[in-house]
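To start, the structure itself, in C-alpha cells.
Below, all heavy atoms of this structure are taken into account, side chains as well, without hydrogens, waters or symmetry copies. Just so you know, ligand 1 is whichever comes first in the structure, and atom 1 is the first atom listed for that ligand.
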Amino acid sequence: MDRLTCYDCGETYAFGDAARCACGEPLWFETDTAGFDWPDASNPTEDAVSLGRDTLWRYESVLPATAPTGLAAAAGGTPLFRAPSIEPTDGPRVHLKVEGVNPTGSFKDRGTAVGIGRVDGPVGTVSHGNMALSVAAHAAAADRDAVILVAEDTPDARLAMIAQHDPHLFRVRGEYGRLYYDTLERDLGVAFLNSDSPLRVAGQKTVAYEICEAFAPEAPDAIVLPVSSGGQASGVWKALRELTAAGLLPSVPRIYLAQAARCDPVARAYRRGDSRVEPVAGEPTAAVSINNADPPSGNRALAAVSETDGGVVSVAEEAMLAETERLAADAGVSVEPSCAVATAAVRELAASGELDAADDVAVILTGSGYKYGGADADGSSVREADRRDVPDAVRDAVS
Ligand SMILES: *Cc1c(COP(=O)(O)O)cnc(C)c1O
Ligand SMILES: [Zn+2]
C-alpha cells in the first residue's frame with residue numbers, strides 16, 4: 001500500500017513524493033479492498049497484541065501500517081450503543097460511537113497510531129487541541145521526538161495537558177493557518193501528521209469500518225459527524241467506498257456533517273450548492289476543536305456529502321451548548337461542544353423530515369468532554385450540605 005491518489009482528478013503518486021495533489025486537493029492511500037471480508041471475531045489479526053478486545057488493528061489488512069505494540073496498539077475499538085434517551089420524538093434511532101474512549105480521549109488516536117506505525121523518526125503536528133495531545137502521547141510511548149506547533153492564544157491549561165508528554169512544544173506567533181502548508185512543503189526532518197494527511201485519513205477510516213461492521217449484514221442509514229479540516233469526513237467516506245467495493249454494504253449510508261454556525265465554511269458551500277469551500281471570517285465559538293475557517297479537506301468533505309446524498313448542517317451556538325448538556329445529563333456521555341453539534345444536527349434533520357423513524361443513525365462523538373471540564377464547568381449545580389442535614393437533603397433531592 002504505497003500509492004496515494006487524488007479523489008478529484010485521479011492523479012497518483014508514490015507515498016512520500018507529494019504532500020498534496022498538483023491540482024491542489026488532498027491525497028489518500030489507494031487501497032484494494034476487493035477481497036476484503038469482515039475479520040473473524042474470535043481471531044483478531046495475528047500480529048496484534050492481545051488486549052482482550054478488538055482495536056482498529058482488526059483491519060490491519062487494509063491499513064498502510066502494521067500492528068504496533070504499546071499505546072498505538074490500543075487505538076480504536078470504541079463502544080457503539082443506542083441512546084433512546086436522547087432520540088427526537090418520532091425521529092431516527094440514534095447510535096452513539098464514543099470516540100472519547102480512545103487512549104487520549106479522541107478519534108485523533110486512530111490517525112496518530114497508523115501514522116506513527118508507518119513513519120520513522122520524529123513526528124509532528126500543527127494543532128493546539130486533541131491532535132497535539134494525541135501526537136505528543138503516542139510519540140512518548142514510541143520513544144520518538146515530537147514537535148507540536150500550537151497557536152499563540154492556546155490557553156495555559158491546554159498547554160500543560162500537552163506538555164506532560166514532553167514534546168518539543170512551540171507557541172507560534174503569526175499566521176497559524178499557513179503553518180499547515182509550511183510543514184508539508186518543507187523538508188524539516190520531521191514527519192508532520194497534520195489533520196488530513198493520508199496516514200491520518202487511513203487510520204480514521206476505521207471508525208466507519210467499526211460502525212458498518214456493527215450493523216452488518218445491514219448498514220446504518222446515515223452517519224453524522226462534526227467537521228473541521230475534513231480529515232475525518234474523508235476517512236469515513238473512504239471507508240464507505242472501500243466497503244462498497246468489497247461488497248459488504250447493502251446500501252451506502254448518507255454522510256451528514258455538522259458545523260458550528262459561527263464557523264461553518266463547509267455548510268455555507270453546501271447551501272450555495274457549490275463544490276468548492278471558500279474561507280470564512282469565522283467568529284469565536286465554544287466548538288474549539290472544529291473552528292477551522294479554511295479547511296484543507298473541505299472540498300473532499302463536500303464531495304463525500306454529495307456522493308452519498310447526505311447534507312451539512314450549521315448548528316447555532318445555544319443549540320450546541322444545550323445539546324452538550326443533554327448528552328451529559330440524559331445520555332451519560334461527556335463530550336466537547338465540538339461533538340454535540342452532531343447530535344444537535346440529528347435533531348434538526350429529524351425536525352425537517354430528512355431523518356425519520358425508519359432510520360438508524362450512527363453519530364460519531366469525536367472527543368471526550370472530561371478533558372475540558374464538561375457541560376457544567378463552573379460547578380453551578382453543586383449544592384452545599386452539612387453532614388447532619390445529608391439524610392434530609394438526599395430525600396428532598398429525589399422526591
Ligand atoms: C479534530 C476534531 C474534529 C474535527 O475533525 P477533522 O478531521 O479536522 O474534520 C471534531 N471533533 C473533535 C473532538 C476533534 O478533536
Ligand atoms: Zn488532483
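- Counted by atom type alone, Thr78 and Glu99 present one or more donor-acceptor pairs between their side chains at under 3.5 Å.
- With the Zn ion (ligand 2) as the vertex, SG of Cys6 and SG of Cys21 span 110° to the nearest 10°.
- More than 12 heavy atoms of other residues, nucleotides or ligands lie within 6.0 Å of CG in Asp153, so this atom counts as buried by the packing criterion.
- By the neighbour-count criterion of 12 heavy atoms within 6.0 Å, atom CZ of Arg186 is sparsely surrounded, having that number or fewer from other residues, nucleotides or ligands.
- Annotation for Asp90: atom CG does not count as buried by contact number, only 12 or fewer foreign heavy atoms lying within 6.0 Å.
- In Arg276, the CZ atom is crowded: over 12 heavy atoms of neighbouring residues, nucleotides or ligands sit closer than 6.0 Å.
- When each of Lys238, Arg20, Lys108 is tested with Asp196 by the rule salt bridge (Lys or Arg N to Asp or Glu O under 4.0 Å), just one qualifies, namely Arg20.
- Closer than 4.0 angstrom to ligand 1 by heavy atom are Phe107, Lys108, Asn130, Pro226, Val227, Ser228, Ser229, Gly230, Gly231, Gln232, Ser289, Ile290, Glu336, Thr366, Gly367, sorted by chain and number.
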